[in-house]
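Just so we're on the same page: letters track the sequence lines, and every chain starts at 1.
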Amino acid sequence: MKQDIKDLISAALTALVSRGQLDAPELPEPMLERTRDTAHGDFATNVAMVLAKLTRAKPRDLAQRLVEALPSSSLVTRVEIAGPGFINFFLADDAYRAEIPRILAAGHEFGRSRIGAGQRVQVEFVSANPTGPLHVGHGRGAAYGAVVADLLAAVGFNVHREYYVNDAGRQMDILCTSVWLRYLELCGEDLRFPSNGYRGDYVWDIAATLHREHGDAYRHPTEEVFAGVPEDAASADERDEEGNPLPDAPGGDKETHIDGLIAAAKHLLGDNRYRYVFELGLNTILDDIRDDLSGFGVEYQEWYSERSLTESGAVNKAIERLRAGGHLYELNGALWFRSTAFGDEKDRVVVRDNGQTTYFASDIAYHMDKLERGFDRVIDIWGADHHGYIPRVKAALQALGDDADRLDVLLVQFAILYRDGVKVPMSTRAGEFVTLRELRHEVGNDAARFFYVMRRCEQHLDFDLDLAKSESSDNPVYYVQYAHARVCSVLRQAAEKGMAVDPSPGVTNLERLVEDHEQALLRSLTRYPEVVETAALKAEPHQLTQYLRELANDFHTYYNAHQFLVEDAVLRDARIKLILAARQALRNGLGLLGVSAPENM
RNA sequence: GCCCUCGUAGCUCAGUUGGAUAGAGCGAUCGCCUCCUAAGCGGUAGGUCACAGGUUCAAUUCCUGUCGAGGGCACCA
């Protein structure tokens, strides 16, 4: 519908040029907007004002010429020039009504398009370290990423969803060691658990599996394990009055302590047994993450292993390419990447003085690989705490001669839970966090998905648990779902009353839809494809949630003002066609959000 | 100290990629079921778009500065 009007404007512009009435170097893409106020018609364009600037003509004169050159169309009843030079289009009621059969015929395809033209887009999201279950912060990234991916797919992009598995590095060693220490406790060893270890219950569970399957085979005496290990800092169990962890104790250091324990674990267990515990921890947690995301309706095409980058030589290849380009130098025994040459604030280490490559080195290789896989566009969705990381990744891509503009990093702010108006505290290391699974069980998938994407991603999200659970109009999820269920209910009522409902898209008698509420609902309905398009291109799912509330509101208002199941069969049929179209838009929109559209509530 | 994001109604937030008289929801308040689910609908009140400059036909939107909030500044991942 919008495109039809755009075409009219383009036609008028080319007509003016060919008649010599317009002297512009190049024609702008006509900017057409929905009007805020129906007094200004249905659509408005500002081309006359934009062109006036380029051609030094008076905007209203130009607008006048443009209006005269517009081809006639049955869609438009009236065109007027307003304000400084807006051209307002008033659409025929029939133009709106004609959308009903189109919507019904399109069915679940309504709102989908091909503007992405099959371009390949990779969306990488969540990618949480497999050191513990997903918590509610990851949940927001999961919901946001999944909806952005689905939106892009809906408008014709070829989308590849990926999870980057950080299955290497020190954090995983800490997890492995934490599991082993818990296992030793299960064997009957008495030890002081490191303050920097992972303390969650899931660590006990993995340790219990190890103990159940292998008995004491991995056991070593506590004295042997802790021999020569530097002092720990204060325990994480010890808190000050405000509940914050105490600072490092004098003479103790939690980092050197845990590193000492990791070394002890590797030494005492030997390669094979250490590897076994490591894999047990990794796989148990990864399975849990997969299961959780799958239960949340989030599926991936690929789980990409960080370790595979090292093993395949990709990391070394990336470093060699940087070296060949003259972007590396040695300092204090480490190998540095001169990222400042590409706008980063300081240079970064890629190989440590102990010979190990850094996480950053893996990430360079990973992003190089992403671009080499031929994606037209790569989208990374990160937690906002990683924002400082963007310049160095882009710097690396530039240094490698890749097009850094193909990479977009979208940052998602944290979600803060509120229960009874009080903030729910969270700390990963201390094992005090609400998991995504707990949240899903508490409020349900539908409310979780909807609430997570309700706000712009760079906005902090206050997640009100009580509101998400409330079954009332205060709760936006129920409000939208209820509109859908109400349409279904009307149809059930019709059946009970023996009123036949014509299931075909049918085009008859729509002219009977003359009420203001019907026009308002129709106007909203025709906006749906435009909303999906901008929500997808701008990666802003909240536009869709916002829209669905408005659409639901238009429906509820109509429902209250008019009876659908009237005696007049012709009018009844027209009204049912309209609310069926509304149901289709509600269902499709909820579907894109990963929220169910219930038949009754 | 430097960097990023944010600052819009009492609260939580939109604002269609610079447009016309800045909008929802909640809360407050006044109404609406003999009627397809009241899990709903309507009315009223509520604003110096943090502040000061700048860019232009036009700024809540873009730029600069100030103030305030949150986050980030590792040879961790």
Side-chain angles (χ1 to χ4, degrees), chain A residues 31 33-37 39-40 44 46 49-50 52-53 58-59 82-86 88 129 131 166 168-174 255 306 331-336 345-346 348-354 356-360 362-363 383-391 411 413-414 416 418 454-462 464 467 470-476 478-479 481-483 485-494 496-497 499 527 530-531 533-535 537-538 540 542-543 545-547 549-550 552-553 555-566 575 579 600-601:
Chain A
M31 265 274 294
E33 293 181 311
R34 293 269 176 179
T35 55
R36 285 200 178 126
D37 187 341
H40 298 132
N46 63 352
M49 289 181 283
V50 175
K53 187 168 187 175
K58 289 183 181 169
F86 290 106
N88 295 336
N129 286 350
T131 52
N166 299 131
R170 184 164 172 265
Q171 295 304 322
M172 288 307 298
D173 285 322
I174 294 177
E255 303 295 347
E306 177 190 354
L331 181 70
N332 301 332
L335 194 59
W336 295 70
E345 57 190 18
K346 65 176 290 235
R348 310 291 171 176
V349 172
V350 287
V351 182
R352 275 178 267 170
D353 56 6
N354 63 9
Q356 286 190 325
T357 55
T358 59
Y359 174 81
F360 178 47
S362 297
D363 235 8
D385 53 335
H386 285 71
H387 78 81
Y389 209 76
I390 301 172
L411 298 176
Q413 289 284 350
F414 296 118
I416 302 158
Y418 285 85
M454 208 163 51
R455 303 288 176 230
R456 273 211 332 272
C457 66
E458 61 266 39
Q459 188 80 245
H460 295 255
L461 176 70
D462 290 337
D464 185 334
L467 179 62
S470 82
E471 300 191 349
S472 76
S473 57
D474 307 358
N475 186 341
Y478 280 86
Y479 185 77
Q481 288 181 319
Y482 182 41
R486 260 188 161 171
V487 178
C488 297
S489 173
V490 170
L491 295 178
R492 283 192 298 269
Q493 286 290 324
E496 278 178 29
K497 291 180 180 175
M499 296 169 165
R527 270 176 56 211
E530 297 160 30
V531 171
E533 184 179 322
T534 53
L537 296 181
K538 294 173 74 177
E540 294 185 350
H542 75 276
Q543 298 220 9
T545 61
Q546 199 82 12
Y547 166 81
R549 283 167 73 167
E550 288 165 21
N553 180 52
F555 171 77
H556 287 308
T557 305
Y558 179 37
Y559 180 95
N560 271 270
H562 298 284
Q563 191 81 11
F564 307 143
L565 301 178
V566 290
R575 287 185 170 170
I579 63 170
N600 54 60
M601 294 170 71

Can you tell me the pairing partner of C6(B) across any strand shown, Watson-Crick or G-U wobble, with both distances under 3.5 angstrom? G68(B)
Expressed as a whole number of Å, how far does the P atom of A28(B) sit from that of C11(B)? 15 Å
Sort out the partner of A58(B) for me: Watson-Crick or G-U wobble, both distances under 3.5 Å, none otherwise. none
To check you understand the geometry: which heavy-atom pair defines the closest contact between Phe555(A) and Ile579(A), and what is its length? CE1-CG2, 3.7 Å
Just checking Ile579(A): base, sugar-phosphate only, or nothing, at a heavy-atom cut-off of under 4.0 Å? nothing
What is the base-pairing partner of C32(B), counting Watson-Crick and G-U wobble geometry with both distances under 3.5 Å? G40(B)
Check every atom of G19(B), A77(B), A14(B) against the side chain of Gln546(A) and return the nucleotide holding the closest atom. A14(B)
According to a strict under-4.0 Å criterion, is Asn475(A) in side-chain N/O contact with OP1 or OP2 of A39(B)? no
Select base, sugar-phosphate, or nothing to describe what Ala52(A) touches, counting heavy atoms under 4.0 Å on all strands. nothing
Can you tell me the distance, in whole Å, between the NE2 atom of His386(A) and the P atom of C3(B)? 22 Å
Among G15(B), A20(B), C36(B), the nucleotide that comes nearest once only the side chain of Arg456(A) is considered: G15(B)
When the ring planes of Tyr359(A) and Tyr389(A) are compared, do they come out parallel, tilted or perpendicular, using 30° and 60° as the limits? tilted
Could you check whether Phe86(A) and the base of G19(B) form a stacked pair, meaning centres closer than 5.5 Å and planes differing by less than 30°? no
Under 4.0 Å between any heavy atoms, over every strand shown, what does Pro84(A) touch: base, sugar-phosphate, or nothing? Just pick one. base
In whole angstrom, give the distance that lies between atom CD of Glu540(A) and atom C1' of A14(B). 11 Å
So Ala168(A), base contact, sugar-phosphate only, or nothing? Heavy-atom distance under 4.0 Å. sugar-phosphate
Under 4.0 Å between a side-chain N or O of Lys538(A) and OP1 or OP2 of G15(B)? no
When we call it a touch if two heavy atoms are under 4.0 Å apart, what does Phe360(A) touch: a base, just sugar-phosphate, or nothing? nothing
Among C36(B), A39(B), U17(B), the one nearest any side-chain atom of Tyr478(A) is A39(B)
Separation between the C1' atoms of G7(B) and U60(B), rounded to whole Å: 11 Å
Side chain to side chain donor-acceptor pair (under 3.5 Å) assessment of Thr131(A) paired with Gln171(A): CA-CA 7 Å; Thr131(A) 52; Gln171(A) 295 304 322; 5.9 Å; no
For Arg486(A), answer base if it contacts any base atom (sugar-phosphate contacts may also be present), sugar-phosphate if it contacts only those atoms, and nothing otherwise; contact means non-hydrogen atoms under 4.0 Å. sugar-phosphate
Closest nucleotide of RNA chain B for Glu33(A) versus for Tyr559(A): which of these residues is on the 5' side? Glu33(A)
Whole angstrom is fine here: how far is it from CZ in Arg549(A) over to C1' in G25(B)? 5 Å
Please confirm whether any donor atom in the side chain of His387(A) sits under 3.5 Å from an acceptor in the base of G71(B), or the reverse. yes
Integer angstrom distance from the C1' of G18(B) to that of A74(B): 42 Å
Kindly point out which of A20(B), A77(B), C35(B) is positioned nearest to the side chain of Gln563(A)? C35(B)
Of all heavy-atom pairs between Thr545(A) and Met454(A), which one has the smallest distance, and what is that distance? OG1-CA, 3.8 Å
What nucleic acid atoms does Asn354(A) come within less than 4.0 Å of, heavy atoms only: base, sugar-phosphate, or nothing? nothing
Using the P atom as the reference point in each nucleotide, state the distance between G65(B) and C3(B) in Å, no decimals. 9 Å
Give me the distance, rounded to whole Å, that separates C49(B) from C26(B) when you measure between the P atoms they each carry. 25 Å
Specify the closest pair of heavy atoms between Ala535(A) and Gln543(A), including all atoms of both residues, with the distance to one decimal. CB-CB, 4.2 Å
P spacing across the pair A14(B) / C6(B), given as an integer number of angstrom: 10 Å
Base, sugar-phosphate alone, or nothing: which one does Thr534(A) contact when heavy atoms must sit under 4.0 Å apart? nothing
Separation of atom OH in Tyr359(A) from atom C1' in A77(B), rounded to whole Å: 6 Å
Is there a Watson-Crick or G-U wobble partner for A20(B) with both distances under 3.5 Å, and if so, which one is it? none
His40(A) aromatic ring stacked with six-membered ring of A20(B), 5.5 Å and 30°: yes
Do the side-chain N or O atoms of Thr557(A) get closer than 4.0 angstrom to the phosphate oxygens (OP1, OP2) of G42(B)? yes
Can you tell me how far the NE2 atom of His562(A) sits from the OG1 atom of Thr557(A), to the nearest 0.5 Å? 10.5 Å
Taking the P atom of each, how far is G42(B) from A24(B), in whole Å? 10 Å
Which heavy atom of Ala485(A) sits nearest to which heavy atom of Arg492(A), and what is that distance? O-NH2, 4.3 Å
Please determine, for the side chain of Lys497(A), which listed nucleotide (C41(B), A77(B), C36(B)) has the closest atom? C36(B)
Rounded distance (Å) that lies between atom P of U16(B) and atom CD of Glu533(A): 15 Å
Search all heavy atoms of Thr358(A) against all heavy atoms of Val349(A) and return the closest pair with its distance. OG1-O, 3.1 Å
Is there, by distance only and without an angle test, a donor paired with an acceptor across the side chain of Asn46(A) and the base of G19(B) below 3.5 Å? yes
Taking atom P in both U8(B) and U61(B), compute the distance separating them and give it to the nearest angstrom. 13 Å
What is the base-pairing partner of G1(B), counting Watson-Crick and G-U wobble geometry with both distances under 3.5 Å? C73(B)
Heavy atoms under 4.0 Å, any strand shown: does Asn129(A) hit a base, just sugar-phosphate, or nothing? sugar-phosphate
Hey, could you give me the CE/OG distance between Met601(A) and Ser489(A), rounded to the nearest 0.5 Å? 12.0 Å
Within 90° of 0 counts as syn, otherwise anti: where does C4(B) fall? anti
Among the nucleotides C76(B), A14(B), G71(B), which one has an atom lying closest to any side-chain atom of Arg352(A)? C76(B)
Taking a pair to mean Watson-Crick or G-U wobble geometry with both distances below 3.5 Å, G25(B) pairs with C11(B)
Return the value, rounded to whole Å, for the distance between atom CZ of Arg455(A) and atom C1' of G25(B). 9 Å
Measure the distance from OH on Tyr389(A) to P on C73(B) and round it to the nearest whole Å. 12 Å
Aromatic plane relationship, Tyr559(A) with Phe564(A) - under 30° parallel, 30 to 60° tilted, over 60° perpendicular: perpendicular
May I ask you to say what Gln459(A) touches in the nucleic acid, namely base, sugar-phosphate or nothing, with a heavy-atom cut-off under 4.0 Å? sugar-phosphate
5' precedence on RNA chain B between Asn600(A) and Gln543(A) (nearest-nucleotide basis): Gln543(A)
Across the strands shown, which category fits Asp173(A) at heavy-atom distances under 4.0 angstrom: base, sugar-phosphate, nothing? nothing
Please evaluate the base of U16(B) for a donor-acceptor partner in the side chain of Arg36(A) within a cut-off of under 3.5 Å? yes
Rounded distance in Å - CD (Glu345(A)) to P (C2(B)): 12 Å
